[in-house]
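Before any comments, here is the structure.
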2 protein chains.
Amino acid sequence: MRTSIATVSLSGSLTEKLTAAARAGFDGVEIFENDLLTAVLTPEEVRARCADLGLTVDLYQPLRDIEAVPADLFARNLRRARHKFALMRRLGADTVLVCSSVDPAAVDDDALAAEQLRELADVADDFGIRVAYEALAWGRHVSTYDHAWRIVEAAAHPALGTCLDSFHILSRGSDPRGIEDIPGEKIFFLQLADAPLPAMDVLQWSRHHRCFPGQGGFDVAGLVRHVLRAGYTGPLSLEVFNDVVRQAEAGPAAVDARRSLLMLQEEVGAAEPPAPVVPTGFAFAELVTPDAQPLAGLLDALGFARAARHRSKPVDLWQQGEARILVNTGAAVRRDGTRLAAVGLESPDPAGAAARAEALLAPVLPRRRAPEDAPLDAVAAPDGTELFFCGAPGPDGGWRSDFADVAHTPAATAVRHIDHLALTQPWHHFDEAALFHRGVLGLLAGESVDVADPYGLLRSRAVGNADGSVRIALGVGAAPTDDTAHPQHIALATDDVVAAARRFRAAGGRLLPIPANYYEDLAARHEFADGELETYRDLGILYDRDDRGVLRHCYTLTVGRVFFEIVQRDGGHRGYGARDAPVRLAAQHTAGTAG
Amino acid sequence: MRTSIATVSLSGSLTEKLTAAARAGFDGVEIFENDLLTAVLTPEEVRARCADLGLTVDLYQPLRDIEAVPADLFARNLRRARHKFALMRRLGADTVLVCSSVDPAAVDDDALAAEQLRELADVADDFGIRVAYEALAWGRHVSTYDHAWRIVEAAAHPALGTCLDSFHILSRGSDPRGIEDIPGEKIFFLQLADAPLPAMDVLQWSRHHRCFPGQGGFDVAGLVRHVLRAGYTGPLSLEVFNDVVRQAEAGPAAVDARRSLLMLQEEVGAAEPPAPVVPTGFAFAELVTPDAQPLAGLLDALGFARAARHRSKPVDLWQQGEARILVNTGAAVRRDGTRLAAVGLESPDPAGAAARAEALLAPVLPRRRAPEDAPLDAVAAPDGTELFFCGAPGPDGGWRSDFADVAHTPAATAVRHIDHLALTQPWHHFDEAALFHRGVLGLLAGESVDVADPYGLLRSRAVGNADGSVRIALGVGAAPTDDTAHPQHIALATDDVVAAARRFRAAGGRLLPIPANYYEDLAARHEFADGELETYRDLGILYDRDDRGVLRHCYTLTVGRVFFEIVQRDGGHRGYGARDAPVRLAAQHTAGTAG
């Protein structure tokens with residue numbers, strides 16, 4: 001009996017995965033689509049590598065959201081499938097996994113599902129490929145294996161069979177005896193996984209997943225209001241335990257805890273700290289580095305000009321449009337390498353913002369400055385990043401007056417302003433960080449999303465103001481060892497990412513190379529004008545589209561812990577390219593750093 | 001409005017928790033019972049420390065499993081409560097939390113619950129204490145706040161009120177508006193926590209918690225049998241993802257994965273590796289150390305004699321009864337400090353055991369030995385521990401013949417044999433380790449239990465043979481940084497732990513000091529003969545009782561990563577003292593190491 005393993009079940013690059021599977025004695029692999037998209041090997045090279053290692057390519061997976069959809073949508077799905085079937089031939093894979101649809105556009109119509117799957121199998125057959133249809137446990141209309149089999153049976157096409165997955169079957173509590181009624185030759189594939197039972201009872205939920213008010217999904221404030229209306233006069237007491245809090249240092253954890261309670265008290269009207277003063281933009285981002293040269297080269301190629309120098313400190317101001325980057329070579333910070341150390345936030349009321357921050361227990365930073373410097377209020381975020389509250393430049397100067405202009409050639413005009421910053425949080429402070437930015441800065445928090453890195457799962461959560469002029473993506477690695485392993489970045493907004501990328505490259509800059517496989521997937525996914533996709537591939541521009549518009553973006557190589565992104569948003573796209581993040585992360589593991 | 005935090009919500013020693021709470025500006029604390037039991041401060045000292053820090057002791061928690069029980073059990077519960085009320089007066093706490101019972105002996109009788117809670121409140125009143133009754137979300141008969149309130153209302157005692165906990169209320173989906181109908185003065189306490197929603201849907205379960213077959217709770221083999229009966233001839237393919245696998249090194253993970261599949265194939269009759277050969281006892285435990293002196297002192301005080309020396313290597317054999325400890329000072333292992341490096345397992349068929357291990361992909365170790373040494377089959381466990389399969393000493397010698405006897409005074413007779421070993425697993429290999437010991441050695445695995453350490457939650461899972469002559473407790477820290485932070489230990493079986501402990505101490509050995517508060521809790525929990533408890537307290541002996549008997553045990557200080565436990569089991573007690581583990585762990589953080 002042959003054995004196989006999905007590449008998604010092992011960590012690392014595709015090459016590392018294949019080598020590990022072969023060494024452990026597996027006969028074959030399922031190639032997971034993302035592992036191919038992020039690989040530097042072509043499909044032909046993957047095929048050859050597998051052959052060298054004695055591995056067969058048993059399955060390519062998955063095709064998603066194919067069946068039971070309106071005709072025009074199905075036509076687009078077939079177009080995408082043809083791209084993938086052609087790819088599979090180059091890869092040497094003869095079976096494709098089709099998961100039952102989760103598309104909101106799918107309808108509950110088994111006859112339509114069978115008809116469209118038969119049509120898909122007909123196309124697959126032309127490529128010598130078999131289609132294995134599997135019920136996802138959370139499929140929109142098809143979520144059990146017997147339901148999937150009834151559709152396959154009705155479709156009655158020799159190139160269409162079913163795929164069974166022990167997780168999807170057993171997690172639903174389905175009776176597996178019915179499997180024996182399926183003809184063996186119509187079971188095209190069997191995927192195996194176990195899982196702990198029960199998934200989560202309320203005791204485990206309580207023991208491992210309590211969190212401080214405002215970090216979870218309960219309406220704790222609503223409950224407290226009822227208790228206060230009942231006439232309760234005792235203390236508000238936190239009883240929280242989870243695996244992170246049990247390990248976190250007690251001092252900072254206690255501060256987080258009390259900040260959460262202060263925000264709760266404010267919400268129920270039991271406390272009135274100074275109102276939040278929402279920042280209105282980025283005044284600057286400050287990089288500290290032991291060696292200004294690699295950053296200077298990068299900023300110069302990006303079109304920035306070294307416009308000014310601090311009057312009393314070794315800090316240069318680089319500017320382009322409204323984007324201002326400070327490069328600080330002060331000796332005190334040399335040991336940490338190149339990193340994003342401080343953020344200047346434009347504030348309509350810096351003193352009020354600082355008072356709010358202090359009332360919510362943000363550590364207020366000493367004003368380490370020369371007597372002639374402009375006063376600047378600053379606090380430390382949970383990850384140690386210094387946040388400066390900067391007023392508009394006025395008669396009294398403001399922070400910009402600490403800098404003396406230097407002669408420079410004018411900056412380019414590709415970059416408009418800072419689009420967003422991405423800061424990696426220490427493992428113990430991720431939930432706290434979102435609460436901090438909401439409470440202290442008055443920003444809005446988005447959903448937390450999982451992002452697959454080749455060496456672990458990351459979480460990312462964006463905070464920002466209402467008009468999007470301040471956006472910070474908070475990220476965290478899957479384990480405490482990752483605290484400083486993942487880079488930070490500064491994303492720069494442009495109106496024309498192609499022009500900006502060309503300009504950067506012409507000036508000697510190097511963009512992060514993106515695997516060719518990514519662009520083949522884009523071709524399957526969307527239609528492009530002649531030459532458009534080739535331009536993106538040539539430059540390493542990533543492309544994401546949602547119902548609000550299009551995001552085009554590319555990345556520089558990394559210096560220390562820092563890299564730059566160039567972002568073009570069209571049609572009101574508000575995202576950060578979460579779909580592209582695994583590609584970027586894998587490419588960064590491959591590329592290493594620029595300096 | 002005053003704010004408070006439960007000590008369980010912060011990490012570290014009680015002193016660290018109180019300091020952190022005070023510095024963050026909390027007004028008071030709830031003292032969690034385990035934090036007091038593990039503290040070196042007396043209740044009076046805790047009270048004084050809180051006063052110095054400006055903290056009130058707002059709650060002592062919890063009293064569990066009190067109400068709605070038969071009269072004789074309730075009398076014992078009242079006795080326990082009186083102990084705790086007396087303690088609370090010394091602590092300066094005037095409110096106690098009583099959680100709704102989870103005791104299987106509790107009956108579904110609100111009138112009885114009310115009557116017994118009224119009686120409890122009467123006793124509490126004598127001590128100036130108020131009882132706050134709270135519905136646990138997983139209470140046996142009382143699990144909602146309104147139900148708890150109806151019982152409090154029926155009891156109608158001024159010293160009895162209710163405690164509300166946002167987690168218990170909101171996790172049940174109860175409507176919190178009903179809180180407003182409770183008179184405010186009868187709400188004695190309010191505990192707040194948030195939690196993520198939803199607890200766990202099937203998509204999250206799939207994405208974060210799939211595991212290899214045999215590591216979870218699904219009947220994967222049963223499902224595979226159905227698939228094979230259907231006539232399926234394709235590969236068995238693993239599709240597993242979870243947060244650990246995504247981070248684990250690909251090479252070892254692939255080996256684990258295939259071992260899991262081999263065991264599954266064996267279970268369904270699709271593969272026939274050599275049958276498991278279950279070990280019948282511990283031949284030896286081998287410690288490696290850069291400096292034999294501290295271990296020699298410890299073993300000598302424990303009553304071991306240095307009975308023999310290896311003919312070709314710097315290894316001493318220490319023996320007492322059937323317990324054999326090897327101390328290896330070979331230079332190759334010096335850098336890692338003192339640790340448990342190898343285990344000799346008595347095997348009825350060493351060659352067969354090794355063949356089984358090799359078939360299940362256990363790394364077979366090179367036989368690094370002199371030409372005259374006895375052949376010894378060995379494999380590496382996932383944590384790197386070397387497992388030697390040792391035959392009975394026979395005409396051909398066996399492992400013991402590699403050692404030459406040395407002159408020695410006879411060993412003591414307190415220790416009979418090795419009771420069990422406790423090995424800390426690398427974070428990425430915990431589930432794998434249990435599967436390895438089951439599959440490769442044919443041992444049985446117990447349930448996985450959570451153990452609270454002051455600085456994080458540990459997991460522990462025991463594997464052993466049927467008669468208990470081989471028992472290994474596999475432990476893992478809560479995060480990868482803890483890989484080597486937690487000690488390993490060798491537990492030695494004795495018939496009289498008191499005599500063994502006295503002997504050890506008289507010989508100059510130092511036992512781990514156990515806080516006095518632990519013994520106050522024992523006094524509340526059980527009745528003891530005159531002087532018995534004082535003896536345990538004096539020596540640092542821990543005491544656990546279940547329906548199968550009594551466990552008495554004590555610990556030496558730690559040398560490197562290793563300490564010894566002395567264990568007396570009576571009446572068939574099979575446990576490992578999981579209730580005592582948090583006390584031991586906290587005491588070890590306080591005590592540091594012996595050498």
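We name chains A, B, ... by the order of the sequence lines, and we start the count at 1 in each one.
In this structure, chain B has a heavy atom under 4.5 Å from the side chain of A/I169, while its backbone stays farther away. With a threshold of 4.5 angstrom between heavy atoms, A/D165 approaches chain B through side-chain atoms but not through N, CA, C or O. For B/R177, the parts lying under 4.5 angstrom from a heavy atom of chain A are both the backbone and the side chain. The contact between A/L228 and chain B is made entirely by side chain atoms (from C-beta outward), counting heavy-atom distances below 4.5 Å. Only the side chain of B/L261 comes within contact range of chain A, with heavy atoms under 4.5 Å apart. Heavy atoms of A/L361 lying under 4.5 Å from chain B belong exclusively to its side chain. Contact annotation for A/F32: neither backbone nor side-chain heavy atoms come within less than 4.5 Å of a heavy atom of chain B. Only the backbone of B/Q215 comes within less than 4.5 Å of a heavy atom in chain A; its side chain stays farther off. Of the atoms belonging to A/L264, it is side-chain heavy atoms, and not backbone ones, that fall under 4.5 Å from chain B. With a 4.5 angstrom heavy-atom cutoff, A/I182 touches chain B only via backbone atoms.
Between chain B and the options A/A254, A/A195, A/A193, the largest number of non-hydrogen pairs under 4.5 Å is found for A/A195. Contact tally against chain B (heavy-atom pairs below 4.5 Å) for A/I179, A/L170, A/L10: the top residue is A/L170. Of the listed residues B/A24, B/P213, B/A137, B/G251, the one with more heavy-atom pairs under 4.5 angstrom with chain A than any other is B/A24. Interface summary for chain A: among B/R229, B/R23, B/K186, the most heavy-atom pairs under 4.5 angstrom belong to B/R229. Counting heavy-atom pairs closer than 4.5 Å to chain A, the top residue among B/A250, B/S166, B/C211 is B/C211. For the options A/E180, A/E30, A/K17, heavy-atom pairs under 4.5 Å to chain B are most numerous at A/E180. Your options are B/G178, B/S260, B/G25, and the one with the most heavy-atom pairs under 4.5 Å with chain A is B/G25. Of the residues considered (A/V255, A/L59, A/V227), A/V227 shows the highest number of contacts with chain B, using heavy-atom pairs under 4.5 Å. In terms of heavy-atom pairs under 4.5 Å with chain B, the best-connected choice from A/P176, A/G28, A/A21 is A/P176. Note: A/G217 leads A/G217, A/G231, A/G222, A/A22 in heavy-atom pairs under 4.5 Å with chain B. The candidate with the highest count of non-hydrogen atom pairs below 4.5 Å against chain A, out of B/A6, B/S171, B/A270, is B/S171. Of all the listed residues (B/R225, B/E185, B/R259, B/M1), the one sharing the greatest number of non-hydrogen pairs under 4.5 Å with chain A is B/M1.
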Quick one, A/E134 with A/L136, criterion side-chain contact (heavy atoms from CB on, under 4.5 Å). Give me CA distance, side-chain angles, the key distance, then yes/no. CA-CA 6 Å; A/E134 170 187 81; A/L136 283 185; 4.2 Å; yes

Walk me through whether A/Y232 and B/L164 qualify under side-chain contact (heavy atoms from CB on, under 4.5 Å). CA-CA 11 Å; A/Y232 173 71; B/L164 300 176; over 6 Å; no

B/F189 and B/D58: CA distance, side-chain angles, deciding distance, side-chain contact (heavy atoms from CB on, under 4.5 Å) verdict: CA-CA 9 Å; B/F189 212 73; B/D58 292 330; 3.8 Å; yes

Show your working on side-chain contact (heavy atoms from CB on, under 4.5 Å) between B/D431 and B/F212 and close with a plain yes or no. CA-CA 9 Å; B/D431 289 328; B/F212 294 119; over 6 Å; no

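The shortest side-chain heavy-atom distance between A/C163 and A/Q191 falls under the 4.5 Å cut-off. No side-chain heavy atom of B/T162 sits under 4.5 Å from any side-chain heavy atom of B/Y145. Residues B/F26 and A/L238 have side chains in contact (heavy-atom distance under 4.5 Å, counting atoms from C-beta outward). Between B/C99 and B/W138, every side-chain heavy-atom pair lies at or beyond the 4.5 Å cut-off.
More than 12 heavy atoms of other residues, nucleotides or ligands sit less than 6.0 Å from atom CZ of A/R2.
In this structure, CZ in A/R210 is found 5.5 Å from CZ in B/F167, a value given to the nearest 0.5 Å. Separating the CG atom in A/L55 from the OG atom in A/S4 is a distance of 8.5 Å, to the nearest 0.5 Å.
In this structure, B/L435 and B/G214 approach most closely via the heavy-atom pair CD1-O, 3.5 Å.
If you check the side chains of B/Q61 and A/E239, you find a donor sitting under 3.5 Å from an acceptor.
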